[in-house]
Amino acid sequence: MAGDSPTPTGLVRLLLRRGDDVFCVPREDGRIDLPTRAVPAADHDGSLTARRFASEVLASPAVIEGVVGYVRNVVPEPTSDYPWPSPRAHFTVWAVRGEPAVDGQWVSTGVDSPLRDRHWFALLGA
C-alpha cells in the first residue's frame, strides 16, 4: 500500500479506517472530512507533515502505512489568490493506524455516505 508521495504536495489527509467507516473531523465550513493539513513549501512531498500531523491526531503509537493515492490539480495560470503550487499541486491521502486522540466521528463510506462528493472518495477502493 505504501506508495510515493508526489511533489509538490499542497495538502495531506489522514485515512483512518474501522471496517467500512472512516474517521472524520469538522471543517471550518461545518461539513466533515478526513483530518487535513496544509503542507509548507519546504516539505515538498508532504511526508514530514503527514508524520507530524498523525502524531497530533492519533494516540501513540500512530502508524503511517503510506500513501493511498492523491488528487492532482492542474492550474497552468493561477489567479493571485490561488494558494497551491502551480502548474500542478497534489493532495495526498495517507493510510494511518491508531486510535483518534482528537474529537471527531466515524462516518460510513457506504452508498449513502455524506463523503461521496469528496475528490478523494474514489481512493478508498485503492
Side-chain angles (χ1 to χ4, degrees):
M1 171 178 290
D4 292 331
S5 184
T7 59
T9 294
L11 288 175
V12 296
R13 289 189 165 87
L14 302 180
L15 176 62
L16 179 62
R17 295 179 188 244
R18 184 169 67 187
D20 290 334
D21 296 345
V22 296
F23 183 73
C24 291
V25 295
R27 295 186 340 182
E28 289 180 12
D29 64 5
R31 297 168 67 194
I32 55 172
D33 209 335
L34 299 178
T36 303
R37 169 129 329 146
V39 174
D43 184 14
H44 302 289
D45 68 356
S47 59
L48 180 60
T49 301
R51 284 193 303 275
R52 287 181 178 163
F53 190 38
S55 71
E56 294 172 24
V57 172
L58 303 174
S60 294
V63 176
I64 296 183
E65 296 178 334
V67 175
V68 175
Y70 57 89
V71 174
R72 177 183 293 142
N73 274 8
V74 178
V75 180
E77 295 182 31
T79 60
S80 61
D81 61 343
Y82 182 72
W84 311 115
S86 64
R88 286 181 207 78
H90 302 90
F91 306 98
T92 57
V93 176
W94 295 74
V96 296
R97 279 188 291 128
E99 288 298 317
V102 298
D103 290 335
Q105 62 185 329
W106 291 96
V107 179
S108 170
T109 59
V111 176
D112 296 325
S113 177
L115 305 170
R116 292 189 71 76
D117 66 342
R118 303 303 191 277
H119 289 87
W120 52 261
F121 194 82
L123 297 174
L124 293 178

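Computation of the quantities below employed the complete heavy-atom set of this structure, encompassing side-chain atoms and omitting hydrogens, waters and symmetry-equivalent molecules.
Of the inter-residue distances, the one linking Thr92 atom OG1 with Asp4 atom CG reads 11.5 Å to the nearest 0.5 angstrom. In this structure, CG on Leu15 lies 5.0 Å from CZ on Arg17, to the nearest 0.5 angstrom. Interatomic distance, CG of Leu123 versus CZ of Arg118, reported as 14.0 Å (0.5 Å rounding). In this structure, CZ on Arg88 lies 9.5 Å from OG1 on Thr7, to the nearest 0.5 angstrom.
Asp29 CG: more than 12 foreign heavy atoms inside a 6.0 Å radius.
Judged by distance alone, with hydrogens and angles left aside, the side-chain atoms of Ser55 form a donor-acceptor pair with the main-chain N or O of Arg52 at under 3.5 Å. Using modelled atom types, one side-chain atom of Ser5 and one backbone atom of Asp45 make a donor-acceptor pair closer than 3.5 Å.
Nearest heavy atom pair, residue Trp84 against residue Gly10, reads CZ3-O, 3.3 Å. Closest of all the heavy-atom pairs between Ala89 and Tyr82 is CB-OH, 4.2 Å. Of all heavy-atom pairs spanning Ala38 and Thr49, the tightest one is O-CG2, 3.8 Å. Between Ser113 and Ser108, the closest heavy-atom pair is OG-O, 2.6 Å. Here the closest heavy-atom approach between residue Phe121 and residue Leu115 is recorded as CD1-O, 3.3 Å. Nearest heavy-atom pair, Gly46 versus Val39, reported as atom, atom and distance to 0.1 Å: CA-CG1, 3.8 Å.
Looking only at side-chain heavy atoms (C-beta outward), Phe23 and Leu14 stay at 4.5 Å or farther from each other. Counting heavy atoms from C-beta outward, Cys24 and Asp33 have side chains that stay 4.5 Å or more apart.
Considering only residues two or more places apart in sequence or on other chains, Thr36 meets the side-chain contact (heavy atoms from CB on, under 4.5 Å) condition with Leu11, Arg13. Every residue meeting the side-chain hydrogen bond (donor to acceptor under 3.5 Å, both in side chains) condition with Arg37, not counting sequence neighbours, appears here in chain and number order: Glu56. In this view, Asp20 and Thr109 satisfy the side-chain contact (heavy atoms from CB on, under 4.5 Å) rule, not counting sequence neighbours. When the side-chain contact (heavy atoms from CB on, under 4.5 Å) test is applied to Arg97, the partners found at least two apart in sequence or on another chain are Val63, Glu65. Scanning for side-chain hydrogen bond (donor to acceptor under 3.5 Å, both in side chains) contacts around Asp112 gives an empty result, with sequence neighbours left out.
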Tell me, with the steps shown, if Asp43 and Thr9 meet side chain to side chain contact (heavy atoms under 4.5 Å, CB included).
CA-CA 8 Å; Asp43 184 14; Thr9 294; over 6 Å; no
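Neither Trp94 nor Leu48 shares a network with the other; the hydrophobic side chains, linked directly or stepwise wherever heavy atoms of I, L, V, M, F, W or Y lie under 4.5 Å apart, form separate groups for each.
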Which donor-acceptor pairs under 3.5 Å do the side chains of residues 70-79 make with protein atoms, sequence neighbours left out?
residue	atom	partner	partner atom	Å
Tyr70	OH	Arg72	NH2	3.3
Arg72	NE	His90	NE2	2.9
Thr79	OG1	Asp81	OD1	2.4

